Amino acid sequence: MVRVRFAPSPTGFLHIGGARTALFNYLYARHNNGVFILRIEDTDRTRSTEEYIEAIIEGMKWLGLEWDEGPFRQTDRFDIYRSYADMLVKEGKAYYCYCSPEELEARRKEAIAQGKSPKYDGRCRNIEGRGTRDERQEKSVAVRFKMPQEGQTVVDDLIKGKIVFENNQLDDLIIMRSDGTPTYNFTVVVDDVDIKITHVIRGDDHLNNTPKQIHIYKALGYDIPLFAHLPMILGSDKTRLSKRHGATSVMAYKDMGYLPDALVNYLVRLGWSYGDQEIFSREELIKYFSFENVGKAAAIFNPEKLLWLNSQYIINAPAEKLAELVIPFLVKENIISEGQDLNKEWLSKAIKTLKERSKTLIELANSLRYYIAEEIEYDEKAKAKFLNEKSRDLLIELNDRLTSVTDFSTQELEKIFKEIIEKHNIKLGSLAQPVRVAMTGGTESPGIFEVLEIVGKEKVLKRLEKAIKTIANTF
RNA sequence: GUCCCCAUCGUCUAGCCUGGCUUAGGACAUUGCCCUUUCAAGGCAGUAACACGGGUUCAAAUCCCGUUGGGGACGCCA
């Protein structure tokens with residue numbers, strides 16, 4: 001049975017990199033009918049907050065990465081870590097370290113200055129008559145794990161292949177801080193053992209931690225899980241993705257009008273591929289996912305491709321669904337007021353004309369503005385170019401014709417337009433563009449007949465009259 | 001500094017494991033054309049890559065070594 005986990009630390013929002021790690025874990029679990037577990041690594045009490053825990057959960061839910069067990073929290077398990085640490089000390093596999101953080105920092109700096117490896121020198125490793133537990137508490141000492149100092153440790157990574165580490169590179173890491181709290185490399189192992197993790201799937205920034213953790217597994221007497229280290233996501237300047245490169249928080253993409261499935265699709269293709277296919281349903285992702293197709297090289301986050309994917313997802317989404325999703329954006333963009341009622345059927349129809357012109361839900365909302373608004377504001381350039389003496393009579397004529405129309409449909413409207421342009425021997429554009437400006441305020445919109453039908457007779461006539469008046473006032 | 005990882009168009013990638021089928025394929029972006037009432041969407045076409053150097057081989061993007069470049073780790077952070 002495959003059991004995997006996503007184990008973020010709540011020191012920030014769910015970000016793009018974390019989301020991808022979570023996604024790969026999720027896909028691997030689902031592909032193998034396994035279990036996906038969420039664990040919150042909050043042992044750093046000074047930086048972890050409840051708000052971030054909530055934010056991470058919110059992000060996971062938005063992306064549709066449902067977990068089967070958890071969220072477990074490490075702060076609930078401090079007693080367990082302590083007893084494991086005590087056991088290791090008793091067995092001589094770990095020891096108390098009396099060095100103060102300041103001393104260690106000073107030594108580390110000196111080692112770097114001398115061009116040496118900033119590794120712990122092991123000076124507390126063999127102190128005779130180590131302190132008792134009481135003495136330890138009094139003196140606030142830390143617990144260090146005894147790493148083997150010779151031989152090699154081999155990590156057989158599912159993505160990177162065989163990696164050999166020289167054990168003399170490993171240093172005796174602290175597993176319990178002097179304040180009695182456990183540290184990361186220790187808690188991961190204890191927890192992964194306790195919740196029976198079979199595959200550790202994480203970013204390759206953890207690759208160097210792996211040999212250390214392997215030795216902790218061994219010291220504890222447990223089987224070592226399989227590892228899969230995912231390549232990093234970098235920014236456009238090839239450095240680690242950060243705020244400097246733009247939005248990195250998953251929920252920021254929700255606010256920018258992205259669809260969660262589009263983000264998921266983008267993220268999965270960053271490092272993973274399935275032939276030439278670009279767009280995948282969730283079912284396909286689960287069916288096709290495998291580490292065999294995960295690349296080894298870091299990938300650069302490319303917002304433009306994400307935007308394209310989002311536009312594709314909007315095009316393919318049912319208008320009814322988009323109608324639901326766009327409402328918060330209509331409110332946020334001040335197009336409707338909070339709680340204002342919109343006819344869902346009408347809204348869906350309007351959205352159908354706008355889907356292939358909107359790359360985000362924000363764009364969609366803003367395009368809906370001219371369908372919904374009571375008053376149209378003209379773009380100055382558009383007004384100057386199309387609302388003038390040349391178009392005045394045409395608009396008047398159209399206005400007259402439309403007043404008597406009862407079947408306000410695209411077919412009927414097209415017929416009327418045709419008659420007018422044939423009569424005056426002009427191109428459709430000469431009539432359509434002025435009407436477009438009258439209806440939308442600008443020169444870009446869906447087909448003019450669709451626009452008229454959706455705006456509806458009453459508003460169409462009002463807008464035509466306003467346009468005619470505007471021309472009269474200007475000329 | 002030490003250790004680890006990585007290297008195909010600007011970007012994401014296919015091909016690499018199991019050398020010849022490759023004048024290196026697809027996608028985003030970009031340029032042009034078509035469609036067209038505008039804007040999109042769509043269609044067609046174009047520009048564009050095997051980091052470098054050695055080997056192995058009849059044959060290397062594919063295997064090996066080195067160089068260079070990039071990334072990551074070296075914490076009483078995770």
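As the structure is a prediction and not an experimental result, all values here were calculated from the model. Because only heavy atoms are used, hydrogens play no part in the values below, and waters and symmetry mates are left out as well, while side chains stay in. Chain naming here is simple, since letters A, B, ... match the order of the sequence lines and numbering starts at 1 in each.
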**Asked** What does Ile163(A) touch in the nucleic acid at a heavy-atom separation under 4.0 angstrom: a base, only the sugar-phosphate, or nothing?
**Response** sugar-phosphate

**Item:** Residue of the set Thr183(A), Asp191(A), Thr181(A) for which side chain to side chain donor-acceptor pair (under 3.5 Å) holds with Tyr81(A)
**Value:** Asp191(A)

**Complement of A40(B), any strand, by Watson-Crick or G-U distances under 3.5 angstrom** = none

**Message:** Any strand counts, and the cut-off is 3.5 Å on both contacts for Watson-Crick or G-U wobble. Which nucleotide pairs with C9(B)?
**Reply:** none

**Complete:** Taking C6(B), A40(B), U38(B) as options, the one with an atom nearest any side-chain atom of Glu356(A) is A40(B)

**Item:** Position toward the 5' end of RNA chain B (nearest nucleotide), Gly447(A) or Arg45(A)
**Value:** Gly447(A)

**Prompt:** Which one is paired to G19(B), where only Watson-Crick or G-U wobble pairs with both distances under 3.5 angstrom count?
**Reply:** none

**Asked** Are any of the side-chain nitrogens in Arg39(A) or Asp192(A) under 4.0 Å away from the carboxylate oxygens of its partner?
**Response** yes

**Request:** Calculate the interatomic distance between Glu292(A) atom CD and C16(B) atom C1'; express it in whole Å.
**Result:** 13 Å

**Prompt:** When you look at Lys415(A) and Glu412(A), which way does the side chain to side chain contact (heavy atoms under 4.5 Å, CB included) test go after all the steps?
**Reply:** CA-CA 5 Å; Lys415(A) 225 162 76 189; Glu412(A) 194 58 30; 3.7 Å; yes

**Asked** Base, sugar-phosphate, or nothing: which does Cys97(A) touch, judged by heavy atoms less than 4.0 Å apart?
**Response** nothing

**Prompt:** Taking CG from Asn185(A) and P from A73(B), how many angstroms apart are they, rounded to a whole number?
**Reply:** 13 Å

**Asked** Which nucleotide, C4(B), U38(B), C77(B), lies nearest any side-chain atom of Thr443(A)?
**Response** U38(B)

**Prompt:** Would Phe24(A) and His199(A) satisfy ring pair (Phe, Tyr, Trp, His ring centres under 6.0 Å), going step by step from the backbone distance to the final call?
**Reply:** CA-CA 11 Å; Phe24(A) 281 37; His199(A) 297 69; over 10 Å; no

**C1' spacing across the pair U11(B) / U68(B), given as an integer number of angstrom** = 22 Å

**Prompt:** To the nearest Å, how far apart are Ile16(A) CD1 and U11(B) P?
**Reply:** 20 Å

**Request:** Just do the salt bridge (charged side-chain N to carboxylate O under 4.0 Å, His left out) check on Lys423(A) and Glu419(A) with the steps written out, would you?
**Result:** CA-CA 6 Å; Lys423(A) 181 174 151 199; Glu419(A) 283 168 23; over 6 Å; no

**Message:** Which nucleotide wins on minimum distance to the side chain of Arg108(A), given the candidates C76(B), C77(B), G42(B)?
**Reply:** C76(B)

**Request:** Return the value, rounded to whole Å, for the distance between atom CG of Asn310(A) and atom P of A40(B).
**Result:** 18 Å

**Prompt:** What integer number of Å spans the P atoms of A7(B) and C50(B)?
**Reply:** 16 Å

**Request:** Please report, rounded to the nearest Å, how far the C1' atom of U38(B) is from the CG atom of Leu354(A).
**Result:** 14 Å

**Request:** Using the C1' atom on both, measure U13(B) against G54(B) and round to a whole Å.
**Result:** 29 Å

**Salt bridge Arg5(A)-Glu41(A), side-chain N to carboxylate O under 4.0 Å** = no

**Asked** When rounded to the nearest Å, what value does the distance between P atoms of A45(B) and G25(B) take?
**Response** 13 Å

**Item:** Centroid-centroid under 6.0 Å between Phe417(A) and Phe449(A) rings
**Value:** yes

**Request:** Identify, residue by residue, the members of residues 207-214 of chain A with a heavy atom below 4.0 Å from RNA chain B, and return them in order of residue number, or none.
**Result:** Leu207(A), Asn208(A), Asn209(A)

**Request:** Taking atom C1' in both U22(B) and C16(B), compute the distance separating them and give it to the nearest angstrom.
**Result:** 13 Å

**Asked** Which base sits across from A51(B) as a Watson-Crick or G-U pair, both distances under 3.5 Å?
**Response** U67(B)

**Span that lies between the P atom of G66(B) and that of C4(B), in whole angstrom** = 12 Å

**Asked** What is the ring orientation for Phe301(A) with Tyr253(A), classed by angle as parallel under 30°, tilted 30 to 60°, or perpendicular over 60°?
**Response** perpendicular

**Prompt:** Side chain of Thr183(A): nearest nucleotide among G72(B), C5(B), C76(B)?
**Reply:** C76(B)

**Request:** Identify the residue among Thr353(A), Thr440(A), Leu347(A) that makes a side-chain contact (heavy atoms from CB on, under 4.5 Å) with Tyr371(A).
**Result:** Thr353(A)

**Asked** Is the shortest side-chain N to carboxylate O distance from Glu450(A) to Lys352(A) below 4.0 Å?
**Response** no

**Prompt:** Within less than 4.0 Å of OP1 or OP2 of U38(B), is there a side-chain N or O belonging to Ser445(A)?
**Reply:** no

**Request:** Measure the acute angle between the ring planes of Phe289(A) and Phe291(A), then classify it against the limits of 30° and 60° as parallel, tilted or perpendicular.
**Result:** perpendicular

**Message:** Over 60° means perpendicular and under 30° means parallel, so tell me whether Tyr274(A) and Trp272(A) are parallel, tilted or perpendicular.
**Reply:** parallel

**Request:** Take atom P in G69(B) and the same atom in A60(B), then report the distance between them in whole Å.
**Result:** 28 Å

**Asked** In whole angstroms, how far is the P atom of G10(B) from the CD1 atom of Ile300(A)?
**Response** 11 Å

**Item:** C6(B) phosphate, OP1 or OP2, under 4.0 Å from Lys296(A) side-chain N/O
**Value:** yes

**Prompt:** Which part of the nucleic acid, if any, lies within contact of Thr43(A), taking any heavy atom under 4.0 Å across all strands shown: a base, the sugar-phosphate backbone alone, or nothing?
**Reply:** sugar-phosphate

**Request:** Take the protein atom NE2 of His206(A) and the nucleotide atom P of A73(B), then report the distance between them rounded to whole Å.
**Result:** 9 Å

**Message:** Taking salt bridge (charged side-chain N to carboxylate O under 4.0 Å, His left out) as the definition, give me every residue that meets it alongside Asp121(A), ordered by chain and number, with sequence neighbours left out.
**Reply:** Arg107(A), Arg123(A)

**Message:** What's the gap between G46(B) and A24(B) when it is taken at their P atoms, as a whole Å value?
**Reply:** 13 Å

**Message:** Checking contacts here: which listed nucleotide (C77(B), U13(B), A7(B)) is nearest the side-chain heavy atoms of Ser273(A)?
**Reply:** U13(B)

**Item:** Phosphate-side-chain proximity, Arg240(A) and A73(B), N/O vs OP1/OP2 below 4.0 Å
**Value:** yes

**Prompt:** The side chain of Gln433(A) lies closest to which of these nucleotides: U38(B), C6(B), G71(B)?
**Reply:** U38(B)

**Request:** Write down the distance between CD1 (Ile421(A)) and P (U37(B)), rounded to a whole number of angstrom.
**Result:** 9 Å

**Complete:** Re U30(B): Watson-Crick or G-U wobble partner, both distances kept under 3.5 Å, found to be G46(B)

**Asked** Out of U37(B), A40(B), G71(B), which has the shortest distance to the side chain of Met232(A)?
**Response** G71(B)

**Prompt:** Leu234(A) has a side chain; which of C4(B), G71(B), U37(B) sits nearest to it?
**Reply:** G71(B)

**Prompt:** Mind checking who G1(B) pairs with, Watson-Crick or G-U wobble, both distances under 3.5 Å?
**Reply:** C74(B)

**Request:** Report yes if at least one side-chain N or O of Arg39(A) is closer than 4.0 Å to OP1 or OP2 of A78(B); otherwise report no.
**Result:** no

**Prompt:** When you match Glu105(A) and Leu270(A) each to their closest nucleotide on RNA chain B, which lands nearer the 5' end?
**Reply:** Leu270(A)

**Request:** Take nucleotides 25-33 of chain B nucleotide by nucleotide from the 5' end and write B, S or -, depending on whether a protein heavy atom sits under 4.0 Å from the base, only from the sugar-phosphate, or from neither.
**Result:** BBBSS----

**Asked** Which listed nucleotide (C74(B), C3(B), U37(B)) is nearest to the side chain of Gln169(A)?
**Response** C3(B)

